[in-house]
There are 2 protein chains.
Amino acid sequence: MDKSISYTDVISYTDVSLKNTFNLYEKKFKALADQKRLHILYEITQHGEVCVCDLSEKLHLPQSKLSYHLKILMDAKLIEKETRGTWSYYTLNHSEINHVLSEELCCLFRRD
Amino acid sequence: MDKSISYTDVISYTDVSLKNTFNLYEKKFKALADQKRLHILYEITQHGEVCVCDLSEKLHLPQSKLSYHLKILMDAKLIEKETRGTWSYYTLNHSEINHVLSEELCCLFRRD
DNA sequence: CTTATTCATCAATTATTTTTGATTAAATTG
DNA sequence: CAATTTAATCAAAAATAATTGATGAATAAG
């Protein structure tokens, strides 16, 4: 049994809410920390909404890879999904994106 | 020899500058995508400037780990270093930070 | 009801990032 | 100059994340 004290333990002990805050933003920035996912956000920003098949053509990526990356963006709440028929349409979660990203990133990864 | 065409190849062929843009932001968001590094930025935001030994106490992390994480923030140009004597003092690179992060993150990871 | 389409999920492999402990370098102090 | 302090770097190991190809679920269309 490992009884050593980890970074996370110490921080949670001294300041739980701060630790939760870092945790939350870590997840969001991790989702943003990938070229392919930034390209996905760019395409959604440009077109308003896109389906997986649209993205597959634009990014030259197979469907399984796109589903993987879209899930990461979804879990970080940076995008939202609406299913119509067999298609899934993805859109930006503006409030979350705009909360994190500066206005200067408008039209690249966010929309005003 | 691998002749398969990668995502990066295709994108650079069709739009070099867009690919470079994604590359640049990927690096910045990667630097932000870690609890410990967010905590480092928070401490710098709070105190204006900090040395590695300050951070070691505050975050309960060994020096080598901090140097590693500080280098990642430096490479992403999110922080700057000034060495005085045997100490290295780290400060925020406000223009870069504020270019990327929203004003709503003021006082957490940026300063206005 | 059979076939086709769209997309999510899964397990195994591969790649990347982080940690660890030690070593090195530079500046300071006695 | 020898000893100490501060911090960067390095190589090996451990931990995480991404890719791959296949399978399965849901809807639509013939």
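Lettering follows sequence order; numbering is per chain, from 1.
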With no hydrogens and no angle check, is any side-chain donor or acceptor of [X] less than 3.5 Å from a backbone partner on [Y]?
X: B/Q46; Y: B/C107; answer: yes
X: A/R37; Y: A/H69; answer: no
X: A/T21; Y: A/S17; answer: yes

Expressed as a whole number of angstroms, how long is the span from [X]:[atom1] to [N]:[atom2]?
X: A/K65; N: C/dT9; atom1: NZ; atom2: P; answer: 18 Å
X: A/L70; N: C/dA8; atom1: CG; atom2: C1'; answer: 11 Å
X: A/K81; N: C/dT6; atom1: NZ; atom2: C1'; answer: 11 Å
X: B/Q35; N: C/dT19; atom1: CD; atom2: C1'; answer: 15 Å
X: A/L59; N: D/dT19; atom1: CG; atom2: P; answer: 12 Å
X: B/E57; N: D/dT6; atom1: CD; atom2: P; answer: 10 Å
X: B/L61; N: C/dG21; atom1: CG; atom2: P; answer: 13 Å
X: A/K27; N: D/dT16; atom1: NZ; atom2: P; answer: 15 Å

query: Pick the nucleotide of DNA chain D nearest each of A/R84 and A/P62; which residue has the one closer to the 5' end?
result: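 Checking each residue's closest nucleotide, the 5'-ward one belongs to A/P62.
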
query: Pick the nucleotide of DNA chain D nearest each of A/D34 and A/Q63; which residue has the one closer to the 5' end?
result: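 This one resolves to A/D34.
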
Look at all strands and tell whether [X] reaches a base, only sugar-phosphate, or nothing, counting heavy atoms closer than 4.0 Å.
X: B/S88; answer: sugar-phosphate
X: B/Y89; answer: nothing
X: B/I72; answer: sugar-phosphate

Side-chain N or O of [X] versus OP1/OP2 of [N]: is the shortest distance under 4.0 Å?
X: B/K30; N: C/dT17; result: yes
X: B/K71; N: D/dA7; result: no
X: B/H69; N: C/dT17; result: no

Ignoring the backbone of [X], work out which of [options] is nearest its side chain.
X: A/K36; options: C/dT9, D/dT19, C/dT19; value: D/dT19
X: A/Y68; options: D/dA17, D/dA7, C/dT20; value: D/dA17
X: B/T86; options: D/dT9, D/dT6, C/dT17; value: D/dT6
X: B/S67; options: D/dA17, D/dA7, C/dT18; value: D/dA7
X: B/S64; options: C/dA22, D/dA18, D/dA7; value: C/dA22

query: Is any side-chain heavy atom of B/K81 closer than 4.5 Å to a side-chain heavy atom of B/I79?
result: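 Sidechains of B/I79 and B/K81: no contact.
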
message: Under 4.5 Å between side-chain heavy atoms, counting indirect links through other Ile/Leu/Val/Met/Phe/Trp/Tyr residues: same cluster for B/W87 and B/L92 or not?
response: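 In one cluster with B/W87: B/L92, no.
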
Hydrophobic cluster identity match, A/L18 and A/V100, side-chain contacts under 4.5 Å: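 The answer is yes; both residues are in one hydrophobic cluster.
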
query: Mapping A/L66 and B/T83 to their closest nucleotides on DNA chain C, which lands nearer the 5' end?
result: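 Comparing both residues, the 5'-ward one is A/L66.
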
